[in-house]
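To start, the structure under review is shown below, and the notes come after it.
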Amino acid sequence: MKKKLLALTLVAALGSTLLAGCAVQPAPAAPAAAPAETSEAAPAEEPAAEPAAPAASANDKLVVGFAQIGQESGWRDGETNDIQWYAAQNTDTIDLIFADAQQKQENQIKAIRNFIEMGVDVIAFPPVVETGWEAVLTECQEAGIPVILVDRGVDESCADLYATQISSDFIWEGAQAADIVGDLLEGKGKVVELEGTVGASAANERKEGFDNEIAEKYPDIEIIASQTGDFTRALGKEVMESFLKSYDEIDAVFAHNDDMALGAIEAIKEAGKKPGVDIKIVGCDGVKGAFEAMVAGEMNGTVECNPCLAEQVFDTAAKLKAGETVDKWIVSNDGVFTQADAEAELPNRTY
Ligand code: AHR
């Protein structure tokens, strides 16, 4: 297959890999004869051939360029499915141009520049890290293309360069996780922290929320180690293995996402301990796998982070295209779940 800079793909050509989004709904019919590699993520080397994307001027549809981070977690796959599914259900009014940046900021920036060249109506993306966006966001502004930050934020210096952020409150999530850990340990014990991607707002703010809540409310709980697992299950497992070798006493793990928590569960089992019992485990996201682990007694809690943002993203994009103003931060409404809720809630999980 020819290498491309980015897998820029019209949603209409996504092929049979397109999954249902977050709402409980029937799966869409597979579009005709789209080869599997059409939607495959491609290595970032040669510049992409200019994709045959519709420009804003070419039709009346809402043309949205979405530069996804990559596929680091089950949560992110859920978000991608939701965005693609929603656009596929609304092809009469929406054209989605989707890029997969394969975890690299430089690829997100290239994708955004491609979207500017295409003249899309609105650009939406989850910034993989908080810093380094000033130049490209300024280019969006100069091109008159409004930007929606989806599920993560950028640093304060860029506050005037985007239209809105649609995301969860990560500080709140971290604080909720701390309270679950505080209850589980009855206010006393040693905790390790598996952090998300270095420099990501989801990691920085969950850490801030968790560490501050522990410091303020649980003086006898000590965070003995904190290291990045990059939001992936594989690295979550690896880092947990090294924590288990370094520390004799670990009473609880706070993982900045459920994928890393699930990785930690594997490491704890392999070390001959019982996850959820010998070592309590709390994550963030609320993915199905976390609920299954809670039902199995191997995980103790998760703080939801809603990835089902498609409807809000496209509705907001339509408003921005129409010149309306929108709130600077559109905050998701998330829940907190422990083992006690897991069995009843599991059938409701859509991601
Ligand atoms: O920005 C949201 C975070 O990013 C989710 O918690 C995580 O799973 C994802 O990778």
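The CE atom of M118 lies 10.5 Å from the CD1 atom of I145; values are rounded to the nearest 0.5 Å. Distance check, rounded to the nearest 0.5 Å: CZ of F314 to CD1 of I83 gives 5.0 Å. The CG atom of D259 lies 8.0 Å from the OG1 atom of T232; values are rounded to the nearest 0.5 Å. Taking NZ of K61 as the start and OG1 of T91 as the end, the distance is 5.5 Å to the nearest 0.5 Å. Note that CD of E241 and NZ of K245 are 5.5 Å apart. Values are rounded to the nearest 0.5 Å. Distance CD1/I123 to CD/Q108: 11.5 Å, rounded to 0.5 Å.
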Indicate every side-chain donor-acceptor pair of residues 270-291 with a distance under 3.5 Å to a residue at least two apart or in another chain.
{"unit_1": "E270", "atom_1": "OE1", "unit_2": "K237", "atom_2": "NZ", "d": "3.3"}
{"unit_1": "E270", "atom_1": "OE2", "unit_2": "K237", "atom_2": "NZ", "d": "2.9"}
{"unit_1": "D278", "atom_1": "OD2", "unit_2": "K274", "atom_2": "N", "d": "2.6"}
{"unit_1": "K280", "atom_1": "NZ", "unit_2": "V277", "atom_2": "O", "d": "3.4"}

Using atom types as modelled, flag every donor-acceptor pair under 3.5 Å from a side chain in residues 187-199 to any protein atom, sequence neighbours excluded.
{"unit_1": "K190", "atom_1": "NZ", "unit_2": "E222", "atom_2": "OE1", "d": "3.3"}
{"unit_1": "E193", "atom_1": "OE1", "unit_2": "K207", "atom_2": "NZ", "d": "3.4"}
{"unit_1": "E193", "atom_1": "OE2", "unit_2": "H256", "atom_2": "NE2", "d": "2.9"}
{"unit_1": "E195", "atom_1": "OE2", "unit_2": "S226", "atom_2": "OG", "d": "2.4"}
{"unit_1": "T197", "atom_1": "OG1", "unit_2": "D230", "atom_2": "OD1", "d": "2.8"}

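Considering only heavy atoms from C-beta on, Y162 comes within 4.5 Å of V154 through its side chain. A heavy-atom distance below 4.5 Å is not found between the side chains of T228 and V239. The closest side-chain heavy-atom distance from E79 to L309 is below 4.5 Å. Between F66 and I97 the shortest side-chain heavy-atom distance does not fall below 4.5 Å. In this structure, the side chains of K319 and D315 stay at 4.5 Å or more apart for every pair of heavy atoms. Contact of the W75 side chain with the D151 side chain is registered, since non-hydrogen atoms from C-beta on lie closer than 4.5 Å. F210 has its side chain within reach of V181: a pair of non-hydrogen atoms, C-beta onward, lies under 4.5 Å apart. Side-chain atoms of P126 and Q68, non-hydrogen and from C-beta on, do get closer than 4.5 Å to each other.
Listed for the N257 side chain is a donor-acceptor partner under 3.5 Å among the backbone atoms of M260. Of the possible polar contacts, none joining the D82 side chain to the G78 backbone as a donor-acceptor pair under 3.5 Å is found. Although no hydrogens or angles enter the test, the distance criterion places a donor-acceptor pair under 3.5 Å between the side chain of Q105 and the main chain of T131. The backbone N or O of F243 lies less than 3.5 Å from no partner atom in the side chain of Q227, so there is not a single donor-acceptor pair. Using modelled atom types, no side-chain atom of D121 and backbone atom of V64 make a donor-acceptor pair closer than 3.5 Å.
Contacts of I171 classified as side chain to side chain contact (heavy atoms under 4.5 Å, CB included), with partners at least two apart in sequence or in another chain: D169, E205, E208. Scored by the side-chain hydrogen bond (donor to acceptor under 3.5 Å, both in side chains) test, Q103 finds no partners at all (sequence neighbours excluded).
Heavy atoms only, all atoms of each residue included: A87 and L96 are closest at CB-CB, 3.7 Å. When every heavy atom of L320 is checked against every heavy atom of V122, the shortest pair comes out as CB-CG2, 4.5 Å. Here the shortest heavy-atom pairing between A293 and I265 reads CB-CD1, 3.9 Å. Nearest heavy atoms, I112 versus A67: CG1-CB, 4.4 Å. When all heavy atoms of Y86 and A310 are compared, the closest pair comes out as CB-CB, 3.6 Å.
Sparse packing is recorded around CD of E186, with 12 or fewer heavy atoms of other residues, nucleotides or ligands lying under 6.0 Å away.
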Assess whether side chain to side chain donor-acceptor pair (under 3.5 Å) is satisfied between D179 and Q176, documenting all intermediate values. CA-CA 5 Å; D179 286 335; Q176 294 301 309; 4.8 Å; no
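A ring pair (Phe, Tyr, Trp, His ring centres under 6.0 Å) with F125 holds for exactly one of F115, F98, W133; it is W133. Checked against Q312 for a side chain to side chain contact (heavy atoms under 4.5 Å, CB included), the options I166, T164, I148 give a single hit: I166.
The residues E266 and K269 are annotated as not salt-bridged, no charged nitrogen and carboxylate oxygen being separated by less than 4.0 angstrom.
The closest side-chain donor-acceptor pair between S157 and D155 falls under 3.5 angstrom.
No continuous path of hydrophobic side-chain contacts links I223 to I268 [ILVMFWY only; heavy atoms under 4.5 Å]. Cluster membership check: V129 shares its hydrophobic cluster with I69, using side-chain heavy-atom separations under 4.5 Å among Ile, Leu, Val, Met, Phe, Trp and Tyr. Grouping the Ile, Leu, Val, Met, Phe, Trp and Tyr side chains by contacts below 4.5 angstrom, directly or via other members, places L262 apart from F254. I180 and M299 sit in two unconnected hydrophobic clusters of ILVMFWY residues. Membership requires side-chain heavy atoms under 4.5 Å apart, directly or through other members.
Grouping Ile, Leu, Val, Met, Phe, Trp and Tyr by side-chain contacts under 4.5 Å, direct or through others, puts V331 with W329.
Geometric assessment of R76 against the ring of F231 yields a negative cation-pi assignment under the 6.0 Å and 45° thresholds.
Applying the ring-ring contact (aromatic ring centres under 6.0 Å, His included) test to every pair with at least one member in residues 165-198, sequence neighbours left out, gives no pairs at all.
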